[in-house]
J.: 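Before anything else, here's the structure in question.
Only this structure's heavy atoms are used, side chains among them; waters, hydrogens and symmetry mates stay out.
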Amino acid sequence: MKFNFFKKEAVDFYTPVSGKIVPLEEVPDPVFSQKMMGEGIAVIPTNGNIYAPVKGTVILVAATKHAIGIRAEDGSEILIHVGLETVSLEGKGFNVAVKEGDKVSAGQLLIEVDWEYISINAKSTITPIVITNSQESKKHYAFTEEKEGTAGKTVIFTASV
């Protein structure tokens, strides 16, 4: 029996927020639906906060608290963009629990979200989860067929080499 020491294990990324899982193409914003920022998937949140989808390092916390970036241990860079046109809220409705440089574990709290405030004051609560370096990466990303996701429990996609 031969072992391949160079073969990396697949990495699971979990749903960062509970809700309905939809293809990125259904996000009503061309930056996301046309995959200008990378491959991904989206969640229409039902409730709850935003949790880390994977073990990694926080590489971005938007000044307006509506988006967070994580570099997973496998090198995948994930952007969680909470709602659409939420930058205009100037941080209202969000309470960020981490800062750039923090190491996070899958399921760790990232952002507390006031969904009622977001739903009234932003274009949409739909939350795209984008792999911003998917074009440069040699990885294959397999997206879930699940239609409902539970934060920290449902695997939303898997990265493999």
J.: Going hydrophobic residue to hydrophobic residue with side-chain gaps under 4.5 angstrom, can you get from I21 over to V155?
T.: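 No, I21 and V155 fall in different hydrophobic clusters.
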J.: Over all heavy atoms of both residues, which pair between V104 and A52 is shortest? Give the atoms and the distance, please.
T.: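 Heavy atoms of V104 and A52 come nearest at CG2-CB, 4.0 Å.
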J.: Spell out, as yes or no, whether a donor-acceptor pair under 3.5 Å connects the side chain of T86 to the backbone of H66.
T.: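 No, the answer is negative, given that no donor and acceptor are paired below the 3.5 Å cut-off.
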J.: So do the side chains of I78 and F157 get within less than 4.5 Å of each other, counting heavy atoms only?
T.: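 Yes; the side chains approach each other to less than 4.5 Å.
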J.: Within this structure, what is the CD-CG distance for the pair E26 and D29, rounded to the nearest 0.5 Å?
T.: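 Interatomic distance, E26 CD to D29 CG, rounded to 0.5 Å: 14.5 Å.
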J.: Does a side-chain heavy-atom distance below 4.5 Å link V61 with E100?
T.: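 With C-beta onward as the side chain, the pair touches.
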J.: Is it true that Y14 and V11 fall in one hydrophobic cluster, defined by side-chain heavy atoms closer than 4.5 Å?
T.: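 Different clusters.
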J.: When hydrophobic residues are tied together by side-chain contacts of less than 4.5 Å, even through go-betweens, does V98 share a cluster with I80?
T.: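 Same hydrophobic cluster.
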J.: Minimum heavy-atom separation for E146 to T154, with atom names?
T.: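 Minimum heavy-atom separation between E146 and T154: CG-CG2, 4.1 Å.
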J.: Could you tell me whether a side-chain N or O of T57 sits under 3.5 Å from a main-chain N or O of G101, the two making a donor and an acceptor?
T.: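 Not confirmed, T57 side chain does not pair with G101 backbone.
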J.: Looking at every heavy atom in both K65 and I111, which two are closest together, and how far apart are they?
T.: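 Heavy atoms only, the tightest pair is O-CD1, 3.8 Å.
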J.: Dump the intermediate steps for side chain to side chain contact (heavy atoms under 4.5 Å, CB included) on I70 and I59, then the final yes or no.
T.: CA-CA 5 Å; I70 295 174; I59 55 172; 5.7 Å; no
J.: Less than 3.5 Å apart, any donor N or O on the side chain of K55 or S105 sitting next to an acceptor on the other?
T.: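 Looking only at side-chain atoms, S105 and K55 do not form any donor-acceptor pair under 3.5 Å.
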J.: A side-chain contact here means heavy atoms from C-beta on lying under 4.5 Å apart; do L89 and I118 qualify?
T.: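 SC-SC contact between L89 and I118 confirmed.
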J.: Would you check, one step at a time, whether the test side chain to side chain contact (heavy atoms under 4.5 Å, CB included) holds for T158 with F13?
T.: CA-CA 6 Å; T158 301; F13 292 77; over 6 Å; no
J.: Between the main-chain N or O of V58 and the side-chain N or O of D102, is there a donor-acceptor pair closer than 3.5 Å?
T.: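 No: the side chain of D102 does not pair with the backbone of V58.
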J.: With clusters defined by side-chain heavy atoms of hydrophobic residues (ILVMFWY) lying less than 4.5 Å apart, directly or transitively, does V54 cluster with I129?
T.: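 Yes, same cluster.
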J.: Check which hydrophobic residues are tied to M37 through side-chain heavy-atom contacts below 4.5 Å, counting indirect links as well, and list them.
T.: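 Besides M37, the hydrophobic cluster comprises V22, L24, V27, V31, F32, M36, I44, L60, L79, L84, I126, V130, listed by chain and residue number.
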J.: Could you go step by step and tell me if K147 and K20 meet the side chain to side chain contact (heavy atoms under 4.5 Å, CB included) rule?
T.: CA-CA 6 Å; K147 299 296 178 218; K20 181 179 182 219; 5.6 Å; no
J.: Can a donor-acceptor pair be found between the side chains of S76 and Y141 at a distance below 3.5 Å?
T.: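 There is such a pair between these side chains.
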J.: What I want to find out is whether E25 reaches K35 closely enough, with some N-O distance under 4.0 Å, to be called a salt bridge.
T.: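 Looking at K35 together with E25, the answer is yes, because their closest N to O distance falls below 4.0 Å.
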J.: If every non-hydrogen atom of N47 is compared with every non-hydrogen atom of V17, which pair is closest and at what distance?
T.: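 Minimum heavy-atom contact is O-CG2, 3.8 Å.
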J.: Taking C-beta and beyond as the side chain, do L110 and P16 meet within less than 4.5 Å on heavy atoms?
T.: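 Result no, sub-4.5 Å side-chain heavy-atom pair not found.
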J.: Give me each pair satisfying side chain to side chain donor-acceptor pair (under 3.5 Å) with a member in residues 113-140, each pair once, sequence neighbours excluded.
T.: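 Applying side chain to side chain donor-acceptor pair (under 3.5 Å) to every pair that reaches into residues 113-140, excluding sequence neighbours, yields nothing.
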J.: Of the non-hydrogen atoms in A151 and Y51, which two are nearest, and what is the gap between them?
T.: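 Of all heavy-atom pairs spanning A151 and Y51, the closest is CB-CD1, 3.8 Å.
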J.: Show the numbers, then the answer: is there a side chain to side chain contact (heavy atoms under 4.5 Å, CB included) between I156 and V43?
T.: CA-CA 10 Å; I156 201 162; V43 177; 3.7 Å; yes
J.: For E90 versus T64, what's the shortest heavy-atom pair and its separation?
T.: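 The answer is CA-CG2, 4.0 Å.
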